[in-house]
Amino acid sequence: MELVVVGLSHHSAPLALRESVALRPDELPGALEALVRADGLAEALVLSTCNRTEIYGRARDGRGSAAALDALDRVRPTVADALRRHGYALGGDQAIDHLFRVVSGLDSMIVGEHEIAGQMSRAYGLACSVGTAGPLLHRAVPRALQVGRRVRAETALARGIASVAGAAVGLADRVFRDLATCRLVGIGAGDTVATALRALRGRATGPLVVLNRTLERAQALAGELGGESGGLDDVAARVAAADIVVAATDAPEPLVRLRDLQPLLRARRERALLLLDLGVPRDVEPSIRDLNGVYVYDLDDLQAIAERGLYARHAEIPKAEAIVAGAVSEFRRRRAGLEAQPAIRALLDELLELRRDAIEGDRALAATEREAAERVTGRLVDKLLRRLAPRMKDGTVDPGALLEIFGVEHRPPAVDAADGSTE
Amino acid sequence: MEGLARFLIVLAPAVWTASAAAYLSVFVREDRAAETWARRLALTAVVLQLAASGTVGALGLPMVASPGGAIAFMGLAVAAVHLVLESRIGVRTIGFFPVAIAAGLSLAGASTDVLRRPETQLPAWSTGAHVLGAVLAYAGLLLAALYGALYLLQRRAMRRRRFGLLWERLPSLELLDQFSWRSLVAAAAFLTFSIAMGHVMGRSPGLAFEYSDPKIMFTNMIWLAAVLLALSRGFHWLRPARSAAGCLLLFASAVGNMLLVDLVSRVHRPH
């Protein structure tokens with residue numbers, strides 16, 4: 001029973017390709033069923049996020065990852081083709097290692113991000129509900145989720161700020177006690193403002209206004225984030241009424257000017273104002289930084305915060321790698337132990353058979369001598385197995401080769417994909 | 001009983017110190033295991049300190065009657081208030097500061113003879129109330145100054161764009177400002193109470209005093225400044241940074257009043 005994984009991620013494919021192969025949530029149940037029906041995989045799980053699309057499973061006939069690609073070929077030929085050209089296909093210990101690394105956040109674009117563990121948990125839940133998760137996935141995925149939790153608890157890999165959007169939230173957190181009551185204003189409706197506002201909106205559920213030259217774009221973003229929209233006519237008044245402002249436009253001159261803002265700020269009393277100027281050229285006049293209670297930060301500041309966080313996270317990678325390596329080795333040992341059980345049973349039966357043949361074949365033995373021989377050979381078989389079984393379990397002795405020496409014909413138990421029971 | 005009292009008086013600073021060390025680990029390394037232990041140790045220290053006060057009280061000596069006992073009790077009040085605030089806001093990264101203060105004050109208290117009987121017999125209730133009020137007022141001023149100092153440090157980090165350890169670990173400016181102001185309000189209230197009790201106490205035969213005494217005048221000035229500062233911040237007449245700086249100055253004045261003005265004053269001396 002070997003875990004296989006085929007997929008592509010931010011390491012191997014550009015964003016456009018990742019978007020083209022990503023599966024929508026409503027497509028996943030059908031895709032899972034089709035993958036198992038397609039005769040290549042006995043078990044299947046699909047993990048599809050914005051940074052990776054991966055299929056985890058167990059090949060039916062021991063063909064490894066080729067079986068997964070063949071199955072995918074029958075279900076989604078275009079995706080299979082993209083995976084062949086830009087993806088990776090792993091099997092056995094490499095696949096287990098990959099699974100554990102992915103769930104721990106070690107393989108993520110932002111190292112240590114923990115959203116991936118939730119995504120994997122949901123993917124596994126779906127595979128269970130559709131019935132495409134079998135004994136191997138039932139063992140591997142929960143163990144991977146456990147390892148992910150351990151990595152997050154025992155290392156600082158998932159702590160701190162590691163993105164520009166996260167830095168925006170971090171700065172807001174250091175100014176305001178409760179972001180939920182903060183009033184947000186976005187100046188511009190491009191990707192930069194949208195990303196920062198989305199991150200802030202996760203915590204700041206108060207009023208939100210998106211101001212933009214093109215009203216349709218402002219309306220679209222405001223609609224997505226549950227706010228109002230407006231033009232750039234009364235920027236200063238909107239800013240003076242806000243708590244957190246995110247600005248990123250392509251305007252050649254600053255839109256937030258000292259002479260407009262200063263008179264309006266008197267009405268705020270001492271309530272702080274956080275201005276995140278992410279535009280190049282700047283949208284907030286630099287002299288505004290000198291105003292009391294106004295905190296202005298630009299893209300460089302936010303990047304500096306994110307880089308510091310990433311640096312701290314990277315320092316934790318060796319610790320996390322060690323946890324994952326230990327878990328992979330432990331998983332392999334347990335799996336080998338489980339897989340060696342039938343071979344140990346077959347070897348025991350064969351040794352007992354040889355013993356019976358040897359004793360019963362010697363007709364010259366008296367009854368008392370026969371009893372003594374049975375006792376002694378019984379102990380011998382027991383000692384032999386006690387020495388061999390642990391080595392068969394940890395893989396230092398190949399169970400198949402050993403059985404071949406004794407001339408035992410051994411067939412690994414077949415596993416039914418639907419209910420996971422062994423025949 | 002005396003042996004038990006001495007044992008508890010010595011044990012409390014040790015537990016405070018262990019808790020401060022655990023909180024330091026939380027501050028520097030965000031150590032999750034230390035986070036749990038830091039709080040447990042601090043709560044144990046609170047219980048030990050209260051038990052020490054109770055045991056000393058059972059010997060007929062109010063804990064706050066001696067300077068050492070009052071200092072240790074002030075540390076206890078500082079840490080206890082912070083532990084309550086900490087459980088309400090869930091921020092455990094700044095626990096090191098108040099708990100380290102509690103450890104230091106508890107150690108200073110333990111190094112004096114807490115079990116020494118006072119030389120003069122004063123009315124028990126008014127003395128106790130006066131001293132307890134003063135201790136709690138000083139604890140409030142100390143907390144207001146501590147949160148004010150942390151506010152100024154966080155503000156400085158943000159103004160100078162120094163996104164280092166302090167910036168990461170300290171909570172929001174708004175929170176520190178609110179904590180500082182609330183501590184100041186509590187300090188002003190306790191100071192008012194303590195001064196009133198001191199006036200009642202001063203009428204007792206053994207302790208006459210004059211209103212022109214430097215100690216009385218300076219204490220009244222500190223009280224006035226505390227009330228004015230609390231009101232100015234409460235009505236938003238004063239910016240948070242100025243209020244924080246004011247709290248620091250006020251605490252420094254209170255310490256000066258306690259240590260220096262006492263030297264030239266006739267109050268607190270038996271006649």
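Letters A, B, ... are given to chains in the order of the sequence lines, protein chains preceding strands, and every chain is numbered from 1. The basis for the numbers below is simple: all heavy atoms, side chains too, and nothing from hydrogens, waters or symmetry mates.
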Q: Below 4.5 Å from any heavy atom of chain A, which atoms of B/Arg233 appear? Answer side chain, backbone, both or neither.
A: side chain
Q) Going by heavy atoms in the side chains, are A/Arg174 and B/Phe163 under 4.5 Å from each other? A) no
Q: Search all heavy atoms of B/Leu165 against all heavy atoms of A/Arg308 and return the closest pair with its distance.
A: N-NH2, 3.5 Å
Q.
Any side-chain to backbone donor/acceptor pair from B/Glu174 onto A/Phe176? Under 3.5 Å, distance only.
A. no
(Q) Quick check on A/Ile161 against chain B: is it the side chain, the backbone, both or neither that has a heavy atom closer than 4.5 Å? (A) side chain
Q: Go through the atoms of A/Asp301 and report whether side chain, backbone, both or neither lie under 4.5 Å from a heavy atom of chain B.
A: both
Q. In terms of heavy-atom proximity below 4.5 Å to chain A, should B/Gln154 be classed as side chain, backbone, both, or neither?
A. side chain
Q) Quick one: does A/Tyr295's side chain have a donor or acceptor within less than 3.5 Å of a partner on B/Arg155's backbone? A) no
**Q.** Exercise: identify the closest heavy-atom pair between B/Arg159 and A/Val294
**A.** NH1-O, 3.0 Å
Q.
Can you tell me which of B/Pro171, B/Gly164, B/Pro240, B/Ala241 forms the most heavy-atom pairs within a distance under 4.5 Å of chain A?
A. B/Gly164
(Q) Contact between A/Arg289 and B/Arg161 at the side-chain level, heavy atoms closer than 4.5 Å - yes or no? (A) yes
Q. Can you name the closest pair of heavy atoms from A/Arg177 and B/Ile89 and give their distance?
A. NH2-CG2, 3.6 Å
Q: Return yes if some donor-acceptor pair links the side-chain N/O of A/Arg159 with the main-chain N/O of B/Glu30 below 3.5 Å, else return no.
A: yes
Q. Is it the side chain or the backbone of B/Trp167 that comes within 4.5 Å of chain A heavy atoms, both, or neither?
A. both
